[in-house]
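For the numbers below, each heavy atom of this structure counts, side chains included, while hydrogens, waters and symmetry mates do not. Being a predicted model, the structure only gives us computed values, none of them experimental. Per chain, numbering begins at 1; letters A, B, ... match sequence-line order.
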Amino acid sequence: MRQIRIGRASGLLGFMPWGFGLYVALTTPSFAVPSFARQTGMACAACHTVFPELTPFGREFKLNGYVLDNIKQITGITTENRETLSLNSLPPISVMLQISYTHTGAALPDSAVQGALAKDGDVLFPQQASFFYAGKIADNLGAFMQLTYDGAADQFGFDNTDVRYARHVDIGSRPESQNHSLVLGITVNNNPTVQDVWNTTQAWGFPYSGSSTSPTPATSTKIDSGNGGLQQNAGGIGVYAWLNDCLYGEISVYSAVKLGGVHPLDSTQSQVLHGVAPYWRLAYEKRWDRNSLMVGAYGIDASIHPGNGLPLQGPPDKYRDVAGDLQYQFIGEDHIFTVLSTYIAEKQTLDASFANMLAANDDNTLDTFKLAGEYSYQRTIGGSLAFFSTTGSGDALLYAQAPVVGSLNNSPDSRGYIAEINYLPFLNTKLQLQYTVYDKFNGLGTNYDGAGRNASDNNTLYLLAWVNF
Amino acid sequence: MSSRFLAVALSTSLYLGALAHGADAPLQKTLVTCGTCHGINGRSVSPTFPNLAAQQAPYIELQLKAFKEQTRADPDAQAYMWGMASQLSDGMISQLADYFSKQPPAPGKLEKPALIAQGKRLFEEGVAAQGIPPCASCHGAHAEGMATFPRLAGQHSPYLLKQLLVIQSVLRTAPVMHGVVKNLTKDQMQAVVTYLESL
């Protein structure tokens, strides 16, 4: 649900590279759900530095299945004293509202009248409104479920969902001498990386929110694509282990799950997973004093039918993403620093697209690099600076020339910076000013689309009011 | 059936088997939760979270009840511990207190010897001119505590400093301590907590 079609643009632009080009992928607005606070009786600060970024305790809370509760439970037991029910006395419901204003460096072309321009400066009220069920379902079983109304698309939809079962496993040591801990869990979710806890990956990664209407680069690596990729286009189940609060391992498998459109899935759908896509994740976290450092790796092997007019048969396009990531946090009484980074290398074997003249090369590569630094003073005022880059092999069909969304030199290369200032008058309310600067957009800095648009014309000023209650 | 399928089926059943044998005893379960912040052995990593290891059991009980009744009301008590303590039964509170009091204490951290010497003097002798009694008279010669007088030895110094400040500003009510810390300056606090962490 975090992505909208530039419906108005597509009429004018006629041909655009399939899939990606049709979409402006919204950067992921994410959660900090007050129902978790209601359930645990703890302030947001226990789990978040500044929402939605998690503290070490927030990570534990999630990995333990969102079940920690400190409110009265409605319980049921069998005669053998086995618990059959443990329900929060109030349902863990929350609401999130985002209102935004977007202004781009230069106005976009009008969607219907050739040569005219669209209004620049776009208010979305709301950009997004979500309802959450976030909390415990039963002993060891918890859920994070989001239903979202998307203002730009004017529709309601099923958003990020992660249902998990987790428990501590006794690995032999008695409590008195315990220095080992093992959490085993199962997650069922609809967006690869939504289950992750370090804020370095797509679903909950930086930037936590962004404009839903400004142009974004033509492509991104699959695991990082959010809505253009697998977010809510996939459903999966995974198992994970969390050992001694430091070592994390997970394997999940995803298959095609599409909401809406024709079912069973057929050629009218686009980007349909073929078979199952394995996703894997390893992370090592070290905590000392007020610091924590995580070094990790993750990846996915996804075979995808482009669909969108092509039957879901024959050899699919294959994407293999292998990524490394890093998170550093310092959580002081007054000062909080975070560094987040990821590097994703993708190998594409585009058998389907190549055969159907959607890609000029059978094999392509694409790499993503992101680095963000964040600071917050007393969880009230803060800022972030980030660098992002996409580089990859050129392809005359994938990155064809087209106004705004295309590439004159058929290159996916994009690069830029994001600066952000945040003010949180209350722990559950964020006012944000964000500025995104592109030095390179779809391959070039100037006249990148061959229609005279420069990368800097896509620079975006974005104001957001984000409330959770 | 392929060997790959067999391997997957086998490891899945092992995994589910392990899951089904999760640790369920109520004390154990609660300890695991407390442990995510305070350390399962009561020795925490971040100084936001006090060490509980070797703390006096009666003091732990008293504090948990104060969190539960919301009478200990400094900001972090509200943010973290009001929720955590709200559903603890008296029985569970005494089991937790007993468990943490029996864990070996955190080792002392030796830093800034000059400050330590100054803090030691204040701890042992007080400052008569400011009307500050010797801390040792209540907290014990080695700050090991006694009954409802808390152990302070080896505690994280930023945590102790924060407590002295919130006790002084009466955000945390601790009747016996209010008179003691009334005239304590921030520098004196810093010295004494540096000494206490070194023990």
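- When the heavy atoms of residues 150-187 of chain B are compared with those of chain A, the residues falling under 4.5 Å are Pro158(B), Lys162(B), listed by number.
- Of the residues considered (Ala45(A), Ala46(A), Ser292(A)), Ala46(A) shows the highest number of contacts with chain B, using heavy-atom pairs under 4.5 Å.
- For residues 134-147 of chain B, there are no side-chain hydrogen bond (donor to acceptor under 3.5 Å, both in side chains) pairs, not counting sequence neighbours.
- Heavy atoms of Asp289(A) lying under 4.5 Å from chain B belong to its backbone as well as its side chain.
- Taking a 6.0 Å sphere around CZ of Phe469(A), one finds it holds more than 12 heavy atoms contributed by other residues, nucleotides or ligands.
- The candidate with the highest count of non-hydrogen atom pairs below 4.5 Å against chain A, out of Asp76(B), Thr36(B), Thr33(B), Leu88(B), is Thr36(B).
- Sorted by first and then second residue, the salt bridge (charged side-chain N to carboxylate O under 4.0 Å, His left out) pairs involving residues 113-139 of chain B (not counting sequence neighbours) are Lys120(B)-Glu124(B).
- Heavy-atom neighbours of Ile251(A) CD1 from other residues, nucleotides or ligands within 6.0 Å: at or below the threshold of 12.
- Using a 4.5 Å cut-off between heavy atoms, Glu333(A) contacts chain B through its side chain alone, with no backbone atom that close.
- Heavy-atom neighbours of chain A within the stretch residues 42-51 of chain B, taken at a separation under 4.5 angstrom, comprise Val45(B), Ser46(B), Pro47(B), Thr48(B).
- Among all heavy-atom pairs drawn from Cys37(B) and Phe57(A), the shortest one is SG-CD1, 3.5 Å.
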